[in-house]
Amino acid sequence: MNVDELKSLKVDKVVDARGTACPGPLLDAKRAMGSIPMAGVMEVISSDIGTTQDIPLWASKVGHQYLGMVTEPGLWRLYIKRGK
Amino acid sequence: MSGATAATSEANLHKNLGLSSDRPEPSEAAPSGLSMVVFSGDLDKVLAAMIIANGAAAMDLPVNIFFTFWGLNVLRRGGPVRVEGKKTMTEGMFGRMMPRGPDHLQLSKMKMGGLGTRMIKKEMGKKHVMSLPNLMKSAQEQGVRFIACTMSMDLMGIHKEELIPGIEYANVGTFIDAADRSRMTMFI
């Protein structure tokens, strides 16, 4: 998905993981994913560059679909579709 | 070489190759997950172990942690605990001198008489790194198995009532069984 498509997604839940450090964003994402409907979309906001690697790997490992990422100054918005 | 001999040896060859079909199907599922020995009672090393455990659990992998020797102290309750039966003088000394639980562990380096540990905890708070007690809680919530080595307990005179709830008690056989079913093993 390109940036415009990602920005126009209907997001079911926003997880603001800014300021939390490893493994905080992963745990926040896991917790939040349980609260959205199947095929729903979660947005994870992180200020930690490591998260941009970890979240896509986590998503594919546990069976969710990583849609893409939007980069903004000092933060990243990652989009994941619930797959299970 | 006659034609008949060639045919016979070819038949034998086929017969030998055919043996692979007799091999029993593996009865157990493919190994997955992580089994760790936490031998160290140093704050920094146990932090690393708990971060790895939480990450693996978040990725839906089964995680087993076996706490032995100095690592046993990670599972101790915060304060002095009244135990059933009497401890020997040595056991009592071990109990008093070793750290009581995750809040009392020290760094392995830059100790500076406890100052280093205080400084790193302050930095962790500032930078929103989860504390060791919270990482342990989060691991247990995610189903990570904590196993206390009963040989170490016996050796150091640590009783069950001195350890946190929700843990298992076992020995090396249990660790090997768990490790054999895991794809990753670590010794920390």
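Reminder, nothing fancy here: chain letters follow the sequence lines and each chain counts from 1.
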Legend entry - Contacting region of B/Met130 [heavy-atom separation from chain A under 4.5 Å]: side chain
Inset, instruction - Please flag which part of B/Ile52 lies under 4.5 Å from any non-hydrogen atom of chain A: side chain, backbone, both or neither. - result: neither
So that I can tick it off, tell me whether [Y] and [X] are bridged by a salt bridge, with the cut-off set at under 4.0 angstrom between side-chain N and carboxylate O.
{"X": "B/Arg118", "Y": "B/Glu123", "value": "no"}
{"X": "A/Lys30", "Y": "A/Asp28", "value": "no"}
{"X": "A/Lys13", "Y": "A/Glu43", "value": "no"}

Legend entry - For B/Val83, the rest of its hydrophobic cluster, which grows through side-chain links under 4.5 angstrom: none
Legend entry - B/Glu91 (side chain) donor-acceptor with B/Ile158 (main chain) under 3.5 angstrom: no
Legend entry - Main-chain N/O of B/Lys137 paired with B/Gln140 side-chain donor or acceptor, under 3.5 Å: no
Under 4.5 Å, heavy atom to heavy atom, which residues of [range] contact chain B?
{"range": "residues 14-24 of chain A", "result": "A/Gly19, A/Thr20, A/Ala21, A/Cys22, A/Pro23"}
{"range": "residues 55-74 of chain A", "result": "A/Leu57, A/Trp58, A/Lys61, A/Val62"}
{"range": "residues 76-84 of chain A", "result": "A/Lys84"}

Can you find a side-chain donor-acceptor pair between [X] and [Y] that sits under 3.5 Å?
{"X": "B/Gln106", "Y": "B/Asp42", "result": "no"}
{"X": "A/Asp48", "Y": "A/Thr51", "result": "yes"}
{"X": "B/Thr185", "Y": "B/Ser35", "result": "no"}

Inset, instruction - Take B/Thr68 and B/Val37, measure what side-chain contact (heavy atoms from CB on, under 4.5 Å) needs, and give me the verdict at the end. - result: CA-CA 7 Å; B/Thr68 188; B/Val37 174; 3.7 Å; yes
Flag the pair [X] / [Y] as yes when at least one side-chain heavy-atom distance between them is below 4.5 Å, and no otherwise.
{"X": "B/Arg100", "Y": "B/Arg77", "value": "no"}
{"X": "B/Asn64", "Y": "B/Phe175", "value": "no"}
{"X": "B/Pro31", "Y": "B/Ser182", "value": "no"}
{"X": "B/Met112", "Y": "B/Met110", "value": "yes"}

